> 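Sharing a structure, written as structure tokens. Questions coming.
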Amino acid sequence: MVLSSAITAVLLKIGLGLAWITAAGVSVILTITDTVSVIAAFRTVPVPRRLATIVEGESLLNDGVAMVLLSVITTIHVQGTFSPGQGIKQIFIAFVGGTLLGLGLGYLCVGLFRQLDDDLSDILLTVSVSLGTFQIGQMLGVSSAIAVVVAGLVIGNLAFKQTSASIKVTLLSFWQYAGFGVNTLIFLLVGIEVYPRILLATIPAALIAIVAYQIGRVFSIYPLLYLLRFFDRPLPLRWQHVLIAGNVKGSLSMALALALPLTLPGREQVITLVFSTVMVSLIGQGLSLPWVVKKLQLSKPSPLAEKIAVLQLNLVTAKAAQGELKYLLETGSLPKFLYEELFADYQARIANSEQELRSFYNQRNLIFSEGEVEKEYIDGLYRRLYIAEKSAINDALAKGILADDISDEYLQVLNEKLLALQDD
């Protein structure tokens, strides 16, 4: 993060002629990666789970580091002077203090979780801890972002183990929608701040900014990950290409741009530049990322998986054709003798495909143990079935058909099964 921001700042100073303090602030803002866009691409193209974890973890830590660096830059701007010793001291206090604060409040939340067994109370508790941790961090002068991240890690790894599956599902759903709402609000606020004509006029500058932060990314990712092989498992070169191509900007960059001091030189132009850069990045890099990941062939499907996919395709198309034949027969558009002949042909295709699929799935334990085919299809099927069961139970409860005590026990079982699939 520090290396990439430094390189980007120099390039922005040269390419756009920004003041040094402004170039430093913008470089930190544009070094942050939007994990949401990258993970969305990973859902369309299968990638190794370790790579997805690395992307999420890197973005999580970089967000906290970026806010600390931006706080240091803001302090330098306000005071008008810079002392290396003071800067190192501020960063040390921010990181160590934020970590200790997050650990303390996170463990406090774990103790409270043991005494609560209610969905709404746990939601209120997590919201209170996150907001309270951030505000206390601001008051103490430590990194609020680091504190919240650490508190979240403590809660997620300790408190969740002591709660029921129903509460876990409720909390995960709440925070997923909360994150979506916050992202939407940030885009709305930046849209209010920026005029369309100015936005279009800054697209050339946005392209220069994208080239600048991509160069900074290249000269930080490849050298540092080369050194990693001397301390830990090396990352494949194709994975490193994904870290470069997935350097997409998002809502946090715009939120930090809005939080820049009002006295910063060229603040209005910076906000427009950041928003324009995010827009170009989301459209260009975001839309091309699935194609890039697919071309890199990070996770090549096995021949057996492709064979199963073809058989499933035969089932889907044949049954759809049979449905259309029935409709044509009922409306009088097709003679019965022709209907029976065509229907029998499709039925033969269905029978053959089902027979082959049955032979595959009868050997699924051997297949999965040998790693020849992924469990994604089976897990996805069970996930849809469990969700359908939950929907049916909720409808029956709303109509008064089922009793609450029996339904709650079965819903608990379904939630545990869903969480098991998600953990896998």
Side-chain angles (χ1 to χ4, degrees), residues 39-52 165 169 238 290-291 293-396 402 409-424:
I39 297 303
F42 288 174
R43 290 174 180 170
T44 59
V45 181
V47 298
R49 185 160 303 217
R50 183 181 172 222
L51 175 58
V169 172
R238 288 183 296 178
W291 179 84
V293 174
K294 185 176 181 180
K295 287 295 182 182
L296 289 174
Q297 296 182 346
L298 302 176
S299 183
K300 188 176 181 180
S302 66
L304 185 56
E306 295 178 350
K307 178 64 176 177
I308 291 178
V310 171
L311 293 175
Q312 291 169 349
L313 176 65
N314 289 337
L315 284 177
V316 171
T317 54
K319 290 188 176 183
Q322 282 186 334
E324 182 66 17
L325 285 173
K326 290 180 180 179
Y327 172 77
L328 294 175
L329 178 66
E330 292 172 356
T331 57
S333 303
L334 185 68
K336 187 174 182 180
F337 76 91
L338 186 56
Y339 161 80
E340 293 176 347
E341 181 180 345
L342 294 175
F343 192 90
D345 290 339
Y346 282 112
Q347 189 62 36
R349 284 177 52 184
I350 293 173
N352 291 333
S353 298
E354 287 183 342
Q355 183 177 0
E356 291 190 52
L357 282 172
R358 186 179 297 111
S359 65
F360 285 137
Y361 291 126
N362 285 338
Q363 307 173 39
R364 60 182 178 273
N365 293 329
L366 176 61
I367 293 171
F368 292 154
S369 64
E370 292 179 355
E372 295 181 9
V373 65
E374 297 179 356
K375 295 175 58 179
E376 292 183 3
Y377 174 75
I378 296 295
D379 288 348
L381 177 61
Y382 278 119
R383 186 176 292 108
R384 294 185 63 174
L385 295 176
Y386 295 151
I387 292 175
E389 289 187 44
K390 287 186 62 176
S391 178
I393 292 175
N394 291 328
D395 290 341
L402 297 177
E409 293 178 3
Y410 193 70
L411 284 173
Q412 175 77 5
V413 173
L414 288 177
N415 286 327
E416 290 175 356
K417 291 180 179 180
L418 285 170
L419 286 173
L421 290 176
Q422 183 173 344
D423 291 339
D424 291 339

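Numbers here simply count residues along the sequence, with the first being 1. If you're wondering where the values come from, they're calculated on a predicted model, not measured in any experiment.
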> Side-chain contact, heavy-atom cut-off 4.5 Å: L315 with R349?
no

> Output the distance between atom CG (L334) and atom OH (Y339), rounded to the nearest 0.5 Å.
9.0 Å

> Which distance, rounded to the nearest 0.5 Å, do you find between the CG of L342 and the CD of Q322?
10.5 Å

> So, for Y346 and A321, which heavy atoms are closest and what is the spacing to 0.1 Å?
CZ-CB, 3.4 Å

> Are K319 and E354 ion-paired here, with the side-chain N under 4.0 Å from a carboxylate O?
yes

> Using 0.5 Å steps for rounding, measure from the CG atom of D345 to the CG atom of L325.
9.5 Å

> Quick one, I393 and Y410 - any side-chain contact, counting heavy atoms below 4.5 Å?
yes

> Donor-acceptor check, side chain of T317 to backbone of N314, threshold 3.5 angstrom: yes or no?
yes

> Just how far is it from atom CD of Q355 to atom CG of L311, taken to the nearest 0.5 Å?
11.0 Å

